[in-house]
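Here the structure is laid out as structure tokens; the discussion comes afterwards.
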Amino acid sequence: MTSRRTRDRLIARLRDMGIDDERVLQTIKKVPRHLFIEEALASRAYEDTALPIGYGQTISQPYVVALMTQALFAERPLAKILEVGSGSGYQTAILATLAAQVYSVERIGALLQTARRRLVTLGYRNVSCKLSDGNQGWPEHAPYDGILVTAAPAEIPETLVTQLAVGGRMVIPVGDVDIQELWLIRNTGTGTSRSRLEDVKFVPLVTGRE
Ligand code: SAH
């Protein structure tokens with residue numbers, strides 16, 4: 001169920017759905033998604049679906065992970081990334097494969113602990129995690145070349161926009177609980193440019209820590 005063939009099938013599906021960045025596809029093929037979910041669900045790890053990770057949260061659907069990662073890295077390599085919503089740590093691992101340093105914040109302590117343990121066990125040395133409200137970003141390490149938000153606010157938090165480096169990019173789902181739009185925000189140096197990618201469904205970005 002977690003075999004090479006199963007992973008190849010997932011990659012073929014992502015290609016069919018329009019993902020064409022080879023670095024992203026190879027990273028998704030390599031990162032062991034089955035180790036980021038409970039054992040009871042591991043047989044479904046390479047299906048293209050979101051799965052529960054406890055506390056009412058989900059590990060994102062592989063297609064959405066691929067879409068967001070592809071949009072984030074589309075222009076140039078990014079050295080320093082902020083992720084908001086560590087969850088299972090799966091997307092964190094994908095980012096850590098593609099960037100030099102990843103900072104990830106999560107508001108649910110138990111999820112953060114598990115994610116951190118997994119990332120250490122799997123040998124990701126370039127990840128720092130923190131328990132905090134991601135609406136505030138992680139100002140100490142700003143500015144970031146890339147910011148990826150994996151929970152949806154009703155509106156784009158301005159604090160996050162201010163933590164983008166010049167030329168930096170943010171990928172963020174925005175909207176109400178039922179449906180959101182995925183947005184790409186760029187810091188142009190003189191302001192920001194914003195473009196809409198597609199409709200997605202995420203858990204809400206909650207305000208405050210648990
Ligand atoms: N990228 C994760 C997706 C997890 S779901 C993965 O691949 O598994 C989104 C996560 O965002 C949840 O774990 C949720 O607790 C977290 N979250 C929601 N609001 C938050 C906030 N204000 N600050 C930090 N994390 C938040």
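Remark: R194 engages I156, E158, V161, W183, I185, T192 in a side-chain contact (heavy atoms from CB on, under 4.5 Å) (not counting sequence neighbours). Remark: D8 pairs with K29 by the side-chain hydrogen bond (donor to acceptor under 3.5 Å, both in side chains) rule, at least two apart or across chains. Considering only residues two or more places apart in sequence or on other chains, T92 meets the side-chain hydrogen bond (donor to acceptor under 3.5 Å, both in side chains) condition with E83. With sequence neighbours left out, the side-chain hydrogen bond (donor to acceptor under 3.5 Å, both in side chains) criterion links R15 to E22. Annotation: ring pair (Phe, Tyr, Trp, His ring centres under 6.0 Å) contacts of Y103 (sequence neighbours excluded): W138, H141. Partners of Y144 by ring pair (Phe, Tyr, Trp, His ring centres under 6.0 Å), not counting sequence neighbours: none found.
Within a 6.0 Å sphere centred on CD of E75, heavy atoms belonging to other residues, nucleotides or ligands number more than 12. Within a 6.0 Å radius of CD in E198, other residues, nucleotides and ligands contribute more than 12 heavy atoms.
Contact annotation: the side chain of S88 never approaches that of Q57 to less than 4.5 Å [non-hydrogen atoms, C-beta and beyond]. Proximity of T58 to L51: side-chain heavy atoms (C-beta onward) are nowhere separated by under 4.5 Å. A heavy-atom distance below 4.5 Å is not found between the side chains of L35 and R118. L82 is not listed as a side-chain neighbour of S104, based on a closest heavy-atom distance of 4.5 Å or more. In this structure the side chain of P157 never reaches within 4.5 angstrom of the side chain of Q136, judged on heavy atoms. Taking the side chain as every heavy atom from C-beta outward, L122 and F36 approach each other to under 4.5 Å. Using a 4.5 Å cut-off on side-chain heavy atoms (C-beta onward), V174 and Q180 make no contact. Between V64 and P62, the closest side-chain pair of non-hydrogen atoms is not below 4.5 Å.
For the pair A71 and L184, the tightest heavy-atom approach, listed with the atom from each and the gap, is O-CD1, 4.2 Å. Between G87 and A115, the shortest heavy-atom distance links the atoms O-CB, 3.6 Å. The nearest pair of heavy atoms linking A99 to F73 is CB-CZ, 4.2 Å. Nearest heavy-atom pair, A93 versus L119, reported as atom, atom and distance to 0.1 Å: CB-CD2, 3.9 Å. The shortest non-hydrogen separation linking P173 to A151 is CG-O, 3.8 Å. In terms of heavy atoms, A45 sits closest to I37 at CB-CD1, 3.7 Å.
Separating the CG atom in L205 from the CZ atom in R107 is a distance of 9.0 Å, to the nearest 0.5 Å. In this structure, the separation between CD on Q26 and CG on L98 is 11.0 Å, given to the nearest 0.5 Å. Remark: C129 SG to R116 CZ distance equals 5.5 Å, nearest 0.5 Å. A distance of 8.5 Å separates CD of E140 from CD of Q163, quoted to the nearest 0.5 Å. The line from OG1 of T150 to CD1 of I172 is 10.0 Å long, rounded to the nearest 0.5 Å. A distance of 8.0 Å separates CZ of R169 from CZ of R76, quoted to the nearest 0.5 Å.
The cluster map of Ile, Leu, Val, Met, Phe, Trp and Tyr, joined by side-chain heavy atoms under 4.5 Å apart, puts L25 and Y90 in the same cluster. The hydrophobic clustering, which links ILVMFWY residues whose side-chain heavy atoms are closer than 4.5 Å, places L41 and I53 together. Hydrophobic clustering, with ILVMFWY side chains joined whenever heavy atoms are under 4.5 angstrom apart, groups L197 together with M17. Under the 4.5 Å side-chain heavy-atom criterion for Ile, Leu, Val, Met, Phe, Trp and Tyr, I179 and V203 are members of distinct hydrophobic clusters. Residue Y55 is grouped with residue F202 when hydrophobic side chains (ILVMFWY) are merged at heavy-atom distances under 4.5 angstrom, including chains of intermediate members.
A donor-acceptor pair under 3.5 Å is absent between the side-chain atoms of R186 and the main chain of M170, judged by distance alone. Looking only at distances, a side-chain donor or acceptor of N126 sits under 3.5 Å from a matching main-chain atom of A100. For the pair D199 (side chain) and E181 (backbone), a donor-acceptor distance under 3.5 Å is absent. Using modelled atom types, one side-chain atom of D145 and one backbone atom of A79 make a donor-acceptor pair closer than 3.5 Å.
Side-chain atoms of Q61 and D48 include a donor-acceptor pair closer than 3.5 Å. T159 and T162 share no donor-acceptor pair across their side chains, judged by distance under 3.5 Å alone. Using modelled atom types and a 3.5 Å distance limit, the side chains of S86 and Q91 yield no donor-acceptor pair.
The side chain to side chain contact (heavy atoms under 4.5 Å, CB included) test with L67 singles out one residue from L182, L14, L72, and that residue is L182. Each of V102, L148, I28, V24 was evaluated against I94; a single residue qualifies, I28, per the side chain to side chain contact (heavy atoms under 4.5 Å, CB included) test. Among H34, R13, R5, the one residue that satisfies the side-chain hydrogen bond (donor to acceptor under 3.5 Å, both in side chains) test with Y46 is H34.
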Quick one, S132 with E106, criterion side-chain contact (heavy atoms from CB on, under 4.5 Å). Give me CA distance, side-chain angles, the key distance, then yes/no. CA-CA 6 Å; S132 73; E106 168 59 55; over 6 Å; no
CA sep, side-chain torsions, deciding dist, call: R44, T49, side-chain contact (heavy atoms from CB on, under 4.5 Å): CA-CA 8 Å; R44 303 187 57 198; T49 178; 4.0 Å; yes
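Between D133 and K130 there is no salt bridge, since no side-chain N of the basic residue sits under 4.0 Å from a carboxylate O of the acidic one.
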